[in-house]
Amino acid sequence: MTLEQLRRSDRTSLWHSFTQMAEYEPLIIERAKGCTLTDVEGNEYLDGVSSLWCNVHGHRHPKLDAAITLQLEKVAHVTSLGCSNPTTIRLARRLVELAPAGLEHVFFSSDGSSAVEVALKLAFQYWQQRDDPRPEKTRYVALENAYHGDTLGSVSVGGVERFQAMFEPLLFDVLRLPMPDSYRRPEGVARGAAAEFYLKQADDLLREHHDQIAALVMEPLVQGAAGMVCHPPGYLRGIRELTEKYDVLLIADEVAVGMGRTGRLFACEHEDVAPDLVCLGKGLTGGYLPLAATLATDEIWKAFLGTYAESKSFFHGHTYSGNPLSAAVALATLDVFDEERTLEQMKPKIARLEEHLLRIAELPRVGDVRQRGLLAGVELVADRCTKEPLPWQEQWGQRVCRHALGEGVWLRPLGSVVVIMPPLSVSLDELDQICNAVYNGIVALT
Ligand SMILES: *Cc1c(COP(=O)(O)O)cnc(C)c1O
């Protein structure tokens, strides 16, 4: 195919995710190394959003590449339906060792949405068939503006109006808590009092409805797709205490914030929280192959044990659940965390990102900058004093990102929030280039 044919087919044959195909401008990446992407014409771009939040140690990492070829010499696929393979077993063991205390069992699937579906279904079935059953516990609590994936179950617990309005008739009803936003707080609520304020609302809701609630699902610390909205410190810890008090399972969706993104391997570690169920995806394979995992406690696992005739097994599975090639590269990803001391090496980068954000925060269009580890959002607003949002239709974030692309930095915004989320292996120099492109892109708006 010529370049022109590639572009035409990319616009017509290939239907892209979350993309208005009538306005799609092809960006066709042919190769990548480290944090640099190269398109079919040989143009280079820094990967400022980790291939949509999943790359960890950079592209074409020799260890990760080798793990896949080594596994290929053994077997590419083994089903997880009543069958196993050494690589996937080793990965399950490794995750159990690394996870917060009590998470001792791993159910594999292929993407983050499925990891959330699995957690929702496990929570439901757990209450139906545990020793002291509570069959009336069938509902879920989720946060406003939550994003947990695109399958119907995960969309049901999601709360992004724009993504779900269309599918409303297909979704199940969920109890909602307000988004614990540190930036846009209700009137009269000081920053330091925000956690207490939002936890009071959670307490009220759980007190009233806990008898019907199977689980509360949330992203720990940061709501990624909501616009990198950071929860007030102590909120997660408080939610864990409330869910324990009211006998409600806590599902932590670490698909975006897990795998080192926040500076700890699991985001829950920051507040010393051990959930009942944890979902991992995105960075689990270093951003190489599809794989997701749902980790569960022994208490949940035990409720599914019995004879075949009792019909207590978990009736769920995917053809590629725990695929050995994916498992091999996931194991290698965890090895590289140790060998390259990735979490330790992130510290100066986190500090540098913070310096850049302070500079960016001075710009007139910028309402808020927020950061957790190597994850940041820069929110552009119509009015800094009133925090009035910019209409998403006007694509302010996209305009900044288009400018950045001209400076050789690839980014993808969330409405009027510019996302900065480079691979954890990014160098200080590369980080400077990415942040400078964001700065210049915002300056160019005005
Ligand atoms: C991306 C994401 C998902 C969905 O993962 P997919 O692999 O895209 O299905 C779920 N939850 C969160 C928090 C995410 O960021």
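Positions are given from 1 along the sequence. Every number for a ligand or one of its atoms is a count from 1 in the order of the listing. Computed from a predicted model, the values in this text were never measured in an experiment.
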Measure centre to centre between the rings of Y246 and H209, then say whether the value is under 6.0 Å. no
Would you mind checking if R240 and D276 are paired as a salt bridge, meaning a charged N to carboxylate O distance below 4.0 Å? yes
Flag the pair D247 and R134 as a salt bridge only when some basic side-chain nitrogen lies within less than 4.0 angstrom of an acidic carboxylate oxygen. yes
Are the ring centres of F163 and F18 closer than 6.0 Å? yes
Is it the case that D432 and H356 place a side-chain donor and acceptor less than 3.5 Å from each other? yes
Charged N-O contact under 4.0 Å between K387 and E379: no
Please produce the table of protein N or O atoms sitting under 3.5 Å from N or O atoms belonging to ligand 1, one pair a line, distance to 0.1 Å.
from, atom 1, to, atom 2, distance (Å)
ligand 1, 5 (O), G112, N, 3.4
ligand 1, 5 (O), S113, N, 3.4
ligand 1, 7 (O), G112, N, 2.8
ligand 1, 9 (O), G112, N, 3.4
ligand 1, 9 (O), S113, N, 2.8
ligand 1, 9 (O), S113, OG, 2.6
ligand 1, 11 (N), D253, OD1, 3.4
ligand 1, 11 (N), D253, OD2, 2.7
ligand 1, 15 (O), K282, NZ, 2.6

